[in-house]
Amino acid sequence: MTNPLTEIVRRFPQIGDVAEIRPLTSGLINQTYRIHTASPAEDDYVLQRINRHVFTDVDLLQHNIECVTRHIRRKLEERGVSDIERKVLRFLAADDGRTYCRDRDGECWRVSVYIRDSQTLDEVNGETAYLAGKNFGAFEAMLTDLTEPLGETIPHFHDMELRIRQLGEAAQADRAGRMSEVAPLVDELMGEADEMCCAERLHREGRLPKHICHCDTKVSNMLFDRDGQVLCVIDLDTVMPSFVFSDYGDFLRSAACSAAEDEPDTSRIGFRQDIFRAFTRGYLEEAGPFLTPLEVEMLPFAARLFPYMQAVRFLTDYIDGDRYYRISYPTHNLVRARAQHKLFRSAEQHEPLMREYIRSLNIK
Ligand code: GN1
Ligand code: MG
């Protein structure tokens, strides 16, 4: 075989004869392949190239992932859960014992066991949104007693104050000469900045804690079995201490939007109350017991914080000349930013309804 990936695969001694390596679905950040092994009795694997421009400290990244998967595995064992290999990811050791290897170009690769008969969803309905809420809530709940400290794999990842500073700096530098085109949107977002940075202020005042969160809670980051039950949470790169708003708000940002995250026709974008309700009910069933009353009260804020933050991030990247997110056409990041901004405005209008619904669940 001439595939250069086979050389990387050889660094993981547990993997037997490889039949084929095929690209698997890919997010905007890492590149992912499925390793098909020759023997049907043997496991298949997932090979992933870690984006080291995004994740600059790969040792820290893998430390976090190892701690989290070990902790969850132990929890499931204690609870007597069956079929644990399908309910938490397992990463392979490379020839030097670490859970990743570096190739000649300095690229970092890791391998996990492929969970057979699993599927990911790209869209939710009421039922799957409820299940996603329950399972992301349970994921956070299982990690509340993790004793090993985890680092921030992307420092200040969901820090709204930093994202605003980055937008301001990008606007000032105007390195791609795009500011004249986007100045009104920059101004509109900046006008909300003070209010949208309130979580960071509450944290400094000691009123809002951080928890271990997933920080990329798309429904596609959860594996379902063939019967539609959730197996496990995947894509653990961004697991780190954060406000619970990260998991709650970012899920709704992608799932409770009536159109795609890059829908050019913003009239098609609105916040979906049905998905909000189903997800919130599931999430609070599992996370309700450990959340503080202030965290519960602020969940509707989280539902608008995340489209806002994502609008700021996409717009910053557009102004910067598209250096972070993969794009398919020149104005892609601007289209994304406008779509997220529209979702932010729609979520804002839904806030009274959201409050009413959460109150009706009688959590605290
Ligand atoms: C990135 O790679 P992907 O699609 O899972 C980004 C998220 C954004 C998302 C927007 C590490 O996630 O924070 O919400 O794009 N991940 C990182 O689509 O920046
Ligand atoms: Mg991801």
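Order of appearance sets the numbers: ligands from 1, and atoms from 1 within every ligand. Residue numbers count from 1 along this sequence. Everything numeric in this text was worked out from a predicted model, so none of it was measured.
Residues Arg110 and Gln62 bring a donor and an acceptor atom of their side chains to less than 3.5 Å of each other.
Ligand-side atoms of ligand 1 in range of Lys218: 3 (P), 4 (O), 5 (O), 9 (C), 12 (O), 18 (O), range being under 4.0 angstrom from any heavy atom. In summary, the atoms of ligand 1 found under 4.0 Å from a heavy atom of Phe157, numbered by their order in the structure, are 11 (C), 13 (O), 17 (C), 19 (O). Atoms of ligand 1 lying under 4.0 Å from any heavy atom of Tyr325, numbered from 1 in the order shown and given with element: 15 (O). Remark: ligand 1 atoms within the under-4.0 Å shell around heavy atoms of Ile154 are 11 (C). The Tyr324 neighbourhood of ligand 1 comprises atoms 11 (C), 17 (C), 19 (O), with distances under 4.0 Å to a heavy atom of that residue.
The closest approach between any non-hydrogen atom of Phe306 and ligand 1 is not below 4.0 Å.
Annotation: Glu261 places an N or O atom under 3.5 Å from an N or O atom of ligand 1; distance criterion only.
Of the heavy atoms in Asp216, only side-chain atoms (C-beta onward) come closer than 4.0 Å to ligand 1.
At least one side-chain heavy atom of Leu284 sits less than 4.5 Å from a side-chain heavy atom of Leu291.
Here Ala339 pairs with Ile269 under the side-chain contact (heavy atoms from CB on, under 4.5 Å) rule; sequence neighbours left out.
Listed by first and then second residue, the side-chain hydrogen bond (donor to acceptor under 3.5 Å, both in side chains) pairs that reach into residues 352-361 are Glu351-Arg355, sequence neighbours excluded.
A salt bridge between Asp44 and Arg22 is absent, with no side-chain N of the basic residue lying under 4.0 Å from a carboxylate O of the acidic one. Using a 4.0 Å cut-off between charged side-chain N and carboxylate O, Lys75 and Asp145 make a salt bridge.
With respect to Tyr248, the ring pair (Phe, Tyr, Trp, His ring centres under 6.0 Å) criterion is satisfied by exactly one of Phe279, Phe306, Phe136: Phe279.
In this structure, of Arg253, Met309, Arg326, Arg313, the residue bringing a heavy atom nearest to atom 6 (C) of ligand 1 is Arg313.
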